[in-house]
Amino acid sequence: AKSIGEELALNAKTIAFIFNNIAKDKIIDDDWRNYKKPISYRNRCNLIEDEVVDSLVQVIKDSYKDLSHRYYSIKAKLLKKERLEYWDRNAPIYNEEKRSIEWSEAKAIVLESYKEFDHKLYEIANDFFKYNWIDAPALKGKASGAFSHPTVPSANPYILLNYLGSTRDVMTLAHELGHGIHQVLASNKGALQCSAPLTLAETASVFGEMLTFKHMLRNEKNIFNRRILLSGKIEDMLNTTVRQISFHEFETIFHNQRLKGEVSLEKICKIWLDVQGESLGPVFNFQEEYKYYWSYVSHFVHVPFYVYAYAFGDCLVNSLYDVYASEGVDCFEQKYINMLRAGGTLRHNELLKPFDLNTSDPKFWKLGVNTIIKLIDDLENII
């Protein structure tokens, strides 16, 4: 971590210069097109109103103490430390579980999770295995990561991943199958309308991942492995919500200051440290080199204000799952399938109307936040 920070410091002036120029170019563009705020262009691309994103951001910021501050304080105790270094943020609390999950078992876990929810989704997911539409082995020369490629609507999507047998790999399989199911269901909308906007593109994948996580947690009796499951899931969710919203806040402050003139490297670094300190909490130490870590986030340069979409998608699914778990909507499964079938033809407020949910209402986002808080409660109860 220190080596990366020191290397970033060597290039920070150049990146700050590029960052300022790109932001100025954006200011000119936004002015020509009468966008109210620096984020407004991105919101329009995502088919989201400014006030909806404002509501999401405010709810997560107001929940920092109940989310990241609380969890990382627990983590410090588990690691037997008074304070955490910034590189401890994603350090495993425990070593990975001692056994490797065989591919056949992972397949059974994920398919059973989908089957418990809805038989139609199970059948679509099973076809990916039945017809060999998944490339799973981690082979020499194969690209890292995982994704579901929809090719064209008339052909079935293909899933590519690197399966090594960890719990996270099982979650990744469930995640990519969610994408595949979404792509299959929306394919009848045709090439121009089958793809959901960025803020909704992760709906089926994250929901499928949550179904699988809950299935594994219910069936895991070993306390040690339950802690691994919970801590891993909580950290993934904090990285997707709290961390991405802190990135969003960094961009917002920087772009607002750029409206007044060029922002110095020192000022950019201060904005970064202030935002990270606020979001991660008082338990963290931030070493000198960490102030340059903003410069490794390529989204800031290539796609301004992209990052909030991760938090939007995750919280939206958490809120949906909360409604499902509380049995708050009749025929939830069929309404959920109809939502996926819509592809990119409906906006978020139209998609969520059957569930009696409204993204403009802070209560909607609070449901999503409460899902994470409940998992932190569960972890605290077994340590």
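The first residue of the sequence shown is numbered 1, and numbering continues consecutively from there. These numbers were taken from a predicted model, which means no experiment stands behind them. Below, each value reflects all heavy atoms present in this structure, side chains not excepted, and no hydrogens, waters or symmetry copies.
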Enquirer: Indicate the atoms forming the closest heavy-atom contact of Leu8 with Ser295, along with that distance.
Expert: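 Looking at all heavy atoms of both residues, the closest pair is CD2-OG, 3.6 Å.
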Enquirer: Are Phe250 and Tyr306 linked, directly or through intermediate hydrophobic residues, by side-chain heavy-atom contacts shorter than 4.5 Å (ILVMFWY only)?
Expert: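 No, Tyr306 does not connect to Phe250 through the hydrophobic network.
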Enquirer: Please output the side-chain donor-acceptor pairs of residues 347-355 that fall under 3.5 Å, not counting sequence neighbours, one pair per line with the distance.
Expert:
from, atom 1, to, atom 2, distance (Å)
Arg347, NH2, Leu47, O, 3.1
Arg347, NH2, Glu49, OE2, 2.9
His348, ND1, Thr359, OG1, 2.9
His348, NE2, Glu49, OE1, 2.9
Glu350, OE1, Arg347, N, 2.8

Enquirer: Between Lys366 and Asp361 (salt bridge meaning N to carboxylate O under 4.0 Å), is one present in this structure?
Expert: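 A salt bridge is absent here (no side-chain N lies under 4.0 Å from a carboxylate O).
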Enquirer: Should Ile337 and Leu340 count as side-chain neighbours, where that means a heavy-atom distance under 4.5 Å?
Expert: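 The answer is no; the side chains never approach within 4.5 Å.
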Enquirer: For His299 and Glu251, test the side chains for any donor-to-acceptor distance below 3.5 angstrom and give the result as yes or no.
Expert: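 On atom types as modelled, these side chains do not qualify, holding no pair under 3.5 Å.
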Enquirer: Do Glu176 and Ser205 meet the criterion of a side-chain donor-acceptor pair at a distance under 3.5 Å?
Expert: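 No donor-acceptor contact under 3.5 Å links the two side chains.
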Enquirer: Around Asp356, counting heavy atoms of other residues, nucleotides and ligands shown, do more than 12 lie under 6.0 Å from its CG?
Expert: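 Result for CG/Asp356: open.
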Enquirer: Are Leu273 and Ile4 in one and the same hydrophobic cluster, where Ile, Leu, Val, Met, Phe, Trp and Tyr link if side-chain heavy atoms are under 4.5 Å apart?
Expert: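 Yes.
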Enquirer: Do other residues, nucleotides or ligands put more than 12 heavy atoms under 6.0 Å from the CG atom of Leu139?
Expert: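 Yes, CG of Leu139 has more than 12 neighbouring heavy atoms, counting only those of other groups under 6.0 Å.
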Enquirer: If the test is ring pair (Phe, Tyr, Trp, His ring centres under 6.0 Å), which one of Tyr71, Tyr86, Tyr72, Trp87 qualifies with Phe284?
Expert: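 Exactly one pass, corresponding to Tyr72.
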Enquirer: Ring pair (Phe, Tyr, Trp, His ring centres under 6.0 Å) between Tyr324 and Tyr336: does it pass, once the steps are laid out?
Expert: CA-CA 10 Å; Tyr324 164 65; Tyr336 175 76; 8.6 Å; no
Enquirer: When clusters are formed by joining ILVMFWY residues with side-chain heavy atoms under 4.5 Å apart, either directly or through shared neighbours, do Leu217 and Ile382 land in the same one?
Expert: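 Yes, Leu217 connects to Ile382 through the hydrophobic network.
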Enquirer: Is it the case that Gln58 and Asp62 place a side-chain donor and acceptor less than 3.5 Å from each other?
Expert: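 Result is yes, a qualifying pair exists.
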Enquirer: Is Arg70 salt-bridged to Asp66, going by a charged N under 4.0 Å from an acidic O?
Expert: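 Looking at Asp66 together with Arg70, the answer is no, because their closest N to O distance does not fall below 4.0 Å.
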Enquirer: Do the ring planes of Tyr296 and Tyr293 sit parallel (below 30°), tilted (30 to 60°) or perpendicular (above 60°)?
Expert: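 Perpendicular.
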Enquirer: For Asn219, is the CG atom crowded, meaning more than 12 foreign heavy atoms sit under 6.0 Å from it?
Expert: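 Counting other residues, nucleotides and ligands, CG of Asn219 exceeds 12 neighbours.
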Enquirer: Verify the cluster assignment for Leu84 and Leu280: are they in a single hydrophobic cluster under the rule of side-chain heavy atoms below 4.5 Å apart?
Expert: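 Linked within one cluster.
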Enquirer: Keeping the roles fixed (side chain from Ser68, backbone from Ser279), state whether a donor-acceptor pair exists under 3.5 Å.
Expert: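 Side chain of Ser68 to backbone of Ser279, a donor-acceptor pair under 3.5 Å: yes, one is there.
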Enquirer: Tell me whether Lys24 is salt-bridged to Asp29, with the criterion being a basic N under 4.0 Å from an acidic carboxylate O.
Expert: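 No, Lys24 and Asp29 are not salt-bridged.
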Enquirer: Pair His179, Phe147 - check ring pair (Phe, Tyr, Trp, His ring centres under 6.0 Å), show working.
Expert: CA-CA 8 Å; His179 279 305; Phe147 63 95; over 10 Å; no
Enquirer: If every non-hydrogen atom of Leu164 is compared with every non-hydrogen atom of Ser100, which pair is closest and at what distance?
Expert: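 Between these two residues, the closest heavy atoms are O-OG, 3.7 Å.
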Enquirer: Are Glu289 and Lys2 within salt-bridge range, i.e. N to O under 4.0 Å?
Expert: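 Answer for the salt bridge query: yes.
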Enquirer: Throw together a table of side-chain donor-acceptor distances under 3.5 angstrom for residues 149-161, partners on residues two or more places apart or in other chains.
Expert:
from, atom 1, to, atom 2, distance (Å)
His149, ND1, Thr151, N, 3.0

Enquirer: Should the heavy atoms of other residues, nucleotides or ligands under 6.0 Å from CZ of Arg83 be counted, would the total exceed 12?
Expert: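 Counting other residues, nucleotides and ligands, CZ of Arg83 exceeds 12 neighbours.
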Enquirer: Let me see the working for Ser360 and Glu51 under side chain to side chain donor-acceptor pair (under 3.5 Å), right down to the final yes or no.
Expert: CA-CA 7 Å; Ser360 298; Glu51 57 270 19; 5.6 Å; no
Enquirer: Less than 3.5 Å apart, any donor N or O on the side chain of Asn20 or Arg258 sitting next to an acceptor on the other?
Expert: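 Yes - a donor-acceptor pair under 3.5 Å links their side chains.
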Enquirer: Of all heavy-atom pairs between Tyr114 and Gly208, which one has the smallest distance, and what is that distance?
Expert: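 Minimum heavy-atom contact is OH-CA, 3.3 Å.
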Enquirer: Within a radius of less than 6.0 Å around CD of Glu123, do more than 12 heavy atoms belonging to other residues, nucleotides or ligands occur?
Expert: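 Yes, CD of Glu123 has more than 12 neighbouring heavy atoms, counting only those of other groups under 6.0 Å.
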Enquirer: Search all heavy atoms of Ile60 against all heavy atoms of Cys315 and return the closest pair with its distance.
Expert: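 Nearest pair, atom of Ile60 first, then Cys315: CD1-SG, 3.9 Å.
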Enquirer: Can you see which heavy atom on Pro304 is nearest to which on Arg42, and at what distance?
Expert: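 For Pro304 versus Arg42, the nearest heavy atoms are O-NE, 3.0 Å.
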Enquirer: Would you find a donor on one side and an acceptor on the other, under 3.5 Å apart, between the side chain of Lys81 and the backbone of Leu78?
Expert: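 Judged by distance alone, no pair lies under 3.5 Å.
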Enquirer: Look up atom NZ in Lys115 and atom CG in Leu121, then write down how far apart they are to the nearest 0.5 Å.
Expert: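 The CG atom of Leu121 is 13.0 Å from NZ of Lys115, to the nearest 0.5 Å.
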Enquirer: Looking only at the side chains, is there a donor atom on one of Asn338 and Gln334 sitting less than 3.5 Å from an acceptor on the other?
Expert: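 Judged by distance alone, the side chains do pair up.
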Enquirer: Considering only heavy atoms from C-beta outward, does the side chain of Phe305 approach that of Thr252 to under 4.5 Å?
Expert: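 Side chain of Phe305 against side chain of Thr252, heavy atoms only: contact under 4.5 Å found.
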Enquirer: Are Lys107 and Glu102 packed together at the side-chain level, in the sense that at least one heavy-atom pair is separated by less than 4.5 angstrom?
Expert: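 Contact flag for Lys107/Glu102 side chains = no.
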Enquirer: Please determine whether a side-chain nitrogen of the Lys or Arg among Asp50 and Lys36 lies less than 4.0 Å from a carboxylate oxygen of the Asp or Glu.
Expert: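 Here Asp50 does not pair with Lys36 in a salt bridge, since their nearest N and O are not under 4.0 Å apart.
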Enquirer: Quiz question: by atom type and distance under 3.5 Å, do the side chains of His248 and Gln244 form a donor-acceptor pair?
Expert: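 No pair is found: no donor N or O on one side chain lies under 3.5 Å from an acceptor on the other.
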Enquirer: Charged N to carboxylate O below 4.0 Å: is that the case for Lys75 and Asp88?
Expert: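 Looking at Asp88 together with Lys75, the answer is no, because their closest N to O distance does not fall below 4.0 Å.
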Enquirer: Go through the side-chain N and O atoms of Thr199 and Asn46 and say whether any donor and acceptor fall under 3.5 Å apart.
Expert: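 Absent: no donor and acceptor within the cut-off.
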Enquirer: Measuring only between side-chain heavy atoms, which start at C-beta, is Tyr64 closer than 4.5 Å to Ile245?
Expert: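 Yes, at least one pair of side-chain atoms sits under 4.5 Å.
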Enquirer: For residues His215 and Glu116, is any side-chain donor paired with an opposing acceptor at under 3.5 Å?
Expert: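 There is such a pair between these side chains.
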Enquirer: Check the pair Val206 / Tyr321 against side chain to side chain contact (heavy atoms under 4.5 Å, CB included), numbers first and verdict last.
Expert: CA-CA 10 Å; Val206 177; Tyr321 190 87; over 6 Å; no
Enquirer: Backbone N or O of Glu249 within a donor-acceptor pair of the Tyr308 side chain at under 3.5 Å?
Expert: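 Not at all, since once roles are kept as given, no pair shorter than 3.5 Å links the two residues.
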Enquirer: Would you please test Asn21 and Asp25 for side chain to side chain contact (heavy atoms under 4.5 Å, CB included) and show each step?
Expert: CA-CA 6 Å; Asn21 282 343; Asp25 185 65; over 6 Å; no
Enquirer: Do you see a donor-acceptor pair shorter than 3.5 Å between the side chains of Thr14 and Asn11?
Expert: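 No, Asn11 and Thr14 have no side-chain donor paired with an acceptor closer than 3.5 Å.
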Enquirer: Counting only heavy atoms not in Tyr41, do more than 12 sit closer than 6.0 Å to its OH atom?
Expert: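 Counting neighbours around OH of Tyr41, 12 or fewer heavy atoms of other residues, nucleotides or ligands fall under 6.0 Å, so no.
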Enquirer: Is Lys233 salt-bridged to Glu209, going by a charged N under 4.0 Å from an acidic O?
Expert: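 Glu209 and Lys233: salt-bridged.
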Enquirer: Indicate yes or no: does Lys142 engage Asp135 in a salt bridge with an N to O separation below 4.0 Å.
Expert: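 A salt bridge links Lys142 with Asp135.
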Enquirer: Please find the pair of heavy atoms, one from Ser40 and one from Tyr35, that lie closest to each other, and give the distance.
Expert: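 Here Ser40 and Tyr35 meet closest at CB-CD2, 3.8 Å.
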Enquirer: Got a sec, which residues hit ring pair (Phe, Tyr, Trp, His ring centres under 6.0 Å) with Phe247, two or more places apart in sequence or on another chain?
Expert: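 In terms of ring pair (Phe, Tyr, Trp, His ring centres under 6.0 Å), with neighbours along the sequence ignored, Phe247 is linked to Trp272, Phe300.
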Enquirer: Same cluster or not: are Ile228 and Leu79 linked, directly or through other Ile, Leu, Val, Met, Phe, Trp or Tyr residues, by side-chain heavy atoms under 4.5 angstrom apart?
Expert: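 Yes; Leu79 is reachable from Ile228 via cluster members.
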Enquirer: Would one find more than 12 heavy atoms of other residues, nucleotides or ligands at under 6.0 Å from atom NZ of Lys363?
Expert: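 Open.
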Enquirer: So Tyr310 and Asp314, side chain to side chain contact (heavy atoms under 4.5 Å, CB included) or not? Walk me through it.
Expert: CA-CA 6 Å; Tyr310 294 115; Asp314 207 59; over 6 Å; no
Enquirer: I'd like to know if the side chain of Asn162 reaches the main chain of Ala143, judged simply by a donor and an acceptor atom lying under 3.5 Å from each other, with no hydrogens or angles considered.
Expert: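 Confirmed, Asn162 side chain pairs with Ala143 backbone.
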